[in-house]
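Since the structure comes first, as structure tokens, the remarks are kept for the end.
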Amino acid sequence: MKVLVFAKKRKTKEGRPFTSYVTKMTKKDGSEVFATVKFREECGNPKPEDCPLYINVKKADANMSTKTVEVVGEDGEMIETERKTLWVNAWERDPEIYVDTSLDDFED
């Protein structure tokens, strides 16, 4: 399956830098699922400067986990939400280059 991966450089509470990876995947019914992407140490991470990029992942080389967490809602109440993580054991870079079309509807 082809997955579009975005990278974001962040810092821990202690100030150490790290990179987080995210994706939005489309299910067979057309709905979209937002997930963090974790790459197993032995398969390596994409370079953050190369992202966003398409990667190819065999379904046998990945799995999706779901975790229920409590977060503070806009009204200050605690609500339960699901967080999904795509665990990748092996991947290859897809030759297709990502082209951002998010501003195509706006005038120059």
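Position 1 is the first residue of the sequence; numbering continues from there.
Between the side chains of Lys38 and Thr85, not a single donor N or O lies within less than 3.5 Å of an accepting N or O.
Residue Ala90 comes nearest to Val57 through the heavy atom pair O-CG1, 3.9 Å, listed as atom of the first residue, atom of the second, then distance. The shortest heavy-atom contact between Asn89 and Ala62 is ND2-N, 4.3 Å.
A heavy-atom distance below 4.5 Å is not found between the side chains of Thr19 and Asn45. Using a 4.5 Å heavy-atom threshold, the side chains of Thr36 and Ser20 count as separate. For the pair Met64/Met25, a side-chain contact is recorded, criterion being any heavy-atom separation below 4.5 Å from C-beta on. Inter-residue side-chain proximity for Pro52 and Phe6 is flagged as met; some heavy-atom pair is nearer than 4.5 Å. Side-chain contact between Pro17 and Arg10: absent, with no pair of heavy atoms (C-beta onward) separated by less than 4.5 Å. Within the 4.5 Å cutoff, no side-chain heavy atoms of Val22 are placed close to those of Val37. Counting heavy atoms from C-beta outward, Glu92 and Ile55 have side chains that stay 4.5 Å or more apart. Put simply, the side chain of Val33 reaches to within 4.5 Å of the side chain of Lys27, judged on heavy atoms.
Around CZ of Arg83, the count of heavy atoms belonging to other residues, nucleotides or ligands within 6.0 Å does not exceed 12. Annotation: Glu41, atom CD; neighbour count of heavy atoms from other residues, nucleotides and ligands within 6.0 Å does not exceed 12. Within a 6.0 Å radius of CD in Glu77, other residues, nucleotides and ligands contribute 12 heavy atoms or fewer.
Hydrophobic clustering keeps Met1 apart from Tyr54 (ILVMFWY residues linked when any side-chain heavy atoms are closer than 4.5 Å, directly or through intermediates).
A salt bridge links Glu14 with Arg16: the distance from a Lys NZ or Arg NE/NH1/NH2 to an Asp or Glu carboxylate oxygen falls below 4.0 Å.
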Enumerate, atom names and distances included, each donor-acceptor pair closer than 3.5 Å involving a side-chain atom of residues 94-108, sequence neighbours excluded.
{"from": "Asp94", "atom 1": "OD1", "to": "Asn56", "atom 2": "ND2", "distance (Å)": "2.8"}
{"from": "Asp94", "atom 1": "OD2", "to": "Glu96", "atom 2": "N", "distance (Å)": "2.9"}
{"from": "Glu96", "atom 1": "OE1", "to": "Lys2", "atom 2": "NZ", "distance (Å)": "2.3"}
{"from": "Asp100", "atom 1": "OD1", "to": "Ser102", "atom 2": "N", "distance (Å)": "2.9"}
{"from": "Asp100", "atom 1": "OD1", "to": "Ser102", "atom 2": "OG", "distance (Å)": "2.8"}
{"from": "Asp100", "atom 1": "OD2", "to": "Ser102", "atom 2": "OG", "distance (Å)": "3.4"}

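Thr68 places no side-chain N or O within donor-acceptor distance of the main-chain N or O of Thr81, the cut-off being under 3.5 Å. Here the side chain of Tyr21 pairs a donor or acceptor atom with the backbone of Pro46 at under 3.5 angstrom.
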(message) Walk me through whether Val72 and Met78 qualify under side chain to side chain contact (heavy atoms under 4.5 Å, CB included).
(response) CA-CA 5 Å; Val72 179; Met78 296 298 287; 3.5 Å; yes
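Residue Glu82 holds its CD atom at 14.0 Å from CZ of Phe34, rounded to the nearest 0.5 Å.
Annotation: ring pair (Phe, Tyr, Trp, His ring centres under 6.0 Å) contacts involving residues 66-92, sequence neighbours excluded, comprise Phe39-Trp91.
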